[in-house]
*Asks:* 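Structure incoming, see below.
A, B, ... follow the sequence lines: proteins, then strands. Residue 1 opens every chain. Any value given below was found using the heavy atoms of this structure, including those in side chains, with hydrogens, waters and symmetry copies removed.
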There are 2 protein chains.
Amino acid sequence: MKRLVLIYGLIGGILIAVLKWTEYRFLVVEHSIEIYGGLTAATFAVVGIWLGLKLTGRRERIVVKVPVPAGAPFVPNEKKREDLGITRRELEILELIAQGMSNREIAGKLYVSENTVKTHSSRVFDKLGARRRTQAVQLGKEFGLLP
Amino acid sequence: MKRLVLIYGLIGGILIAVLKWTEYRFLVVEHSIEIYGGLTAATFAVVGIWLGLKLTGRRERIVVKVPVPAGAPFVPNEKKREDLGITRRELEILELIAQGMSNREIAGKLYVSENTVKTHSSRVFDKLGARRRTQAVQLGKEFGLLP
DNA sequence: GCAAAAATCACCCGAAAGGATGATGACAGA
DNA sequence: TCTGTCATCATCCTTTCGGGTGATTTTTGC
């Protein structure tokens with residue numbers, strides 16, 4: 001969170017600088033205020049979008065339609081997960097792997113870098129004793145971590 | 001989508017109005033440009049957040065589970081297999097992939113070359129519309145080809 | 001408030017996987 | 001016999017994975 005504040009301070013500073021600069025411009029050019037407004041608007045629209053995504057964390061609701069009344073809805077085995085020392089985040093990555101997503105896709109979905117995904121997946125593979133993601137998925141199912 | 005355009009037009013109009021209004025302010029008060037900038041920034045931050053959520057936000061994944069009678073030994077869906085044009089051999093490779101085996105291991109198990117396994121898997125991926133083996137496994141399960 | 005755990009990211013490297021294409025032999029059915 | 005399908009194998013090339021290592025930041029539990 002500290003870094004976020006820092007970044008905001010920086011943006012604030014830059015904004016003020018821009019303001020000063022545009023003030024000059026305003027004295028010279030007639031309609032620069034519109035340009036300035038447009039720029040600020042665009043900038044903060046982008047920032048806002050990023051912020052919105054970052055803060056709320058785009059989670060998708062998964063609606064499972066089962067044509068035939070199925071058994072109890074799957075609940076991941078928390079105990080087993082902790083026994084294996086697998087963190088929630090790691091399990092989350094494992095779930096996405098099980099859905100057939102690539103590291104890159106997972107990274108995009110979770111708004112983290114591909115390297116982070118790789119770290120998580122490597123750890124979870126290690127904890128599961130898997131060498132491949134398909135194997136990890138298989139083991140995850142056997143351990144009751146995945147439906 | 002039409003409503004979205006409409007809303008955007010409205011926002012544009014309002015923005016222009018605001019710009020005009022703030023122009024007046026600027027002539028009167030000294031530092032109103034900062035205030036104006038702040039307002040614009042705040043406005044568009046909010047708009048951005050809303051936009052971010054609106055555009056990318058919560059989508060629902062609809063997962064249709066193929067009714068698989070629990071308890072009963074799994075029988076691969078022959079019809080579905082043929083509908084997809086997947087041969088028995090290809091399905092065999094897919095099953096081994098689902099068990100987490102590498103191409104090399106599969107080749108060894110079936111006494112064929114690794115290249116052959118790759119050909120089969122490529123074909124089955126193509127027929128399933130999968131790009132990765134994990135995805136192929138996922139789709140295979142959804143199609144009732146795998147337990 | 002501070003130590004531990006968790007999450008994040010980077011870089012390198014080799015191995016595995018995947019795409020495209022072409023070729024060959026076996027075999028079933030028209 | 002000819003044709004189509006299937007299974008087999010190869011080669012070239014690109015992308016993705018996985019392992020290893022190290023580092024910083026954030027969260028959490030005491």
*Asks:* Specify the separation, in whole Å, of atom CD of A:Glu90 and atom P of C:dA6.
*Replies:* 8 Å
*Asks:* Round to a whole Å and report the spacing from CD1 of B:Ile86 to P of D:dC6.
*Replies:*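 That distance rounds to 11 Å.
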*Asks:* Ignoring hydrogens and geometry, is there a side-chain-to-backbone donor-acceptor pair from B:Arg133 to B:Met101 under 3.5 Å?
*Replies:* yes
*Asks:* Return the value, rounded to whole Å, for the distance between atom CG of B:Leu94 and atom P of C:dA17.
*Replies:*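 Checked: the CG to P distance equals 14 Å.
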*Asks:* Less than 3.5 Å apart, which donor and acceptor atoms pair up between the side chains of residues 121-130 of chain B and the rest of the protein, not counting sequence neighbours?
*Replies:*
| residue | atom | partner | partner atom | Å |
| --- | --- | --- | --- | --- |
| B:Ser121 | OG | B:Val117 | O | 3.1 |
| B:Ser121 | OG | B:Lys118 | O | 2.9 |
| B:Ser122 | OG | B:Lys118 | O | 3.2 |
| B:Lys127 | NZ | B:Gly85 | O | 2.7 |
| B:Lys127 | NZ | B:Glu90 | OE1 | 2.9 |
| B:Lys127 | NZ | B:Glu90 | OE2 | 3.1 |

*Asks:* How close or far is atom C1' of D:dT8 from atom CZ of B:Arg123, stated in whole angstroms?
*Replies:*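 These atoms are roughly 10 Å apart.
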*Asks:* When the distance from CD of A:Glu82 to P of C:dA5 is rounded to whole Å, what number comes out?
*Replies:* 14 Å
*Asks:* From A:Leu110 CG over to A:His120 NE2, what is the distance, rounded to the nearest 0.5 angstrom?
*Replies:* 8.5 Å
*Asks:* Walk along nucleotides 11-18 of chain D from 5' to 3' and tag each nucleotide B, S or - by protein heavy-atom contact under 4.0 Å, base first, then sugar-phosphate.
*Replies:* B----SSB
*Asks:* Nearest-Å distance, CG (B:Leu110) to C1' (D:dC9)?
*Replies:* 15 Å
*Asks:* Does a side-chain N or O of B:Ser113 approach OP1 or OP2 of D:dA10 to a distance below 4.0 Å, or not?
*Replies:* yes
*Asks:* Salt-bridge test for A:Glu105 and B:Arg132: reply yes if a basic N is under 4.0 Å from a carboxylate O, no otherwise.
*Replies:* yes
*Asks:* Regarding A:Glu142 and A:Gln138, is there a side-chain donor-to-acceptor distance under 3.5 Å anywhere?
*Replies:*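 Note: A:Glu142 and A:Gln138 side chains meet the donor-acceptor criterion.
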*Asks:* At what distance, to the nearest 0.5 angstrom, does CZ of B:Arg89 lie from CG of B:Leu94?
*Replies:*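 Atom-to-atom, B:Arg89:CZ and B:Leu94:CG are 13.5 Å apart.
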*Asks:* Show each protein N/O and nucleotides 27-30 of chain C N/O combination with a separation under 3.5 Å, one pair to a line.
*Replies:*
none

*Asks:* Give a yes/no on whether any side-chain N or O of B:Arg89 is located under 4.0 angstrom from OP1 or OP2 of D:dT8.
*Replies:* yes
*Asks:* Rounding to a whole Å, what distance do you find between B:Lys127:NZ and C:dG18:P?
*Replies:* 16 Å
*Asks:* Separation of A:Leu91 atom CG from C:dA6 atom P, in whole Å?
*Replies:*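 That distance rounds to 13 Å.
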*Asks:* Between B:Thr119 and B:Thr116, does any side-chain donor sit less than 3.5 Å from a side-chain acceptor?
*Replies:*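 On atom types as modelled, these side chains do not qualify, holding no pair under 3.5 Å.
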*Asks:* Do B:Thr87 and D:dC6 share a donor-acceptor pair, side chain to base, under 3.5 Å?
*Replies:* no
*Asks:* What's the separation between atom OG1 in B:Thr87 and atom CD in B:Glu82, rounded to the nearest 0.5 Å?
*Replies:* 10.5 Å
*Asks:* Which of these passes side-chain hydrogen bond (donor to acceptor under 3.5 Å, both in side chains) with A:Asp83: A:Lys79, A:Lys80, A:Arg81?
*Replies:*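 Only one of A:Lys79, A:Lys80, A:Arg81 forms a side-chain hydrogen bond (donor to acceptor under 3.5 Å, both in side chains) with A:Asp83, namely A:Lys79.
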*Asks:* With a 4.0 Å cutoff (strictly under), does any side-chain N or O of B:Thr116 reach OP1 or OP2 of D:dC9?
*Replies:* yes
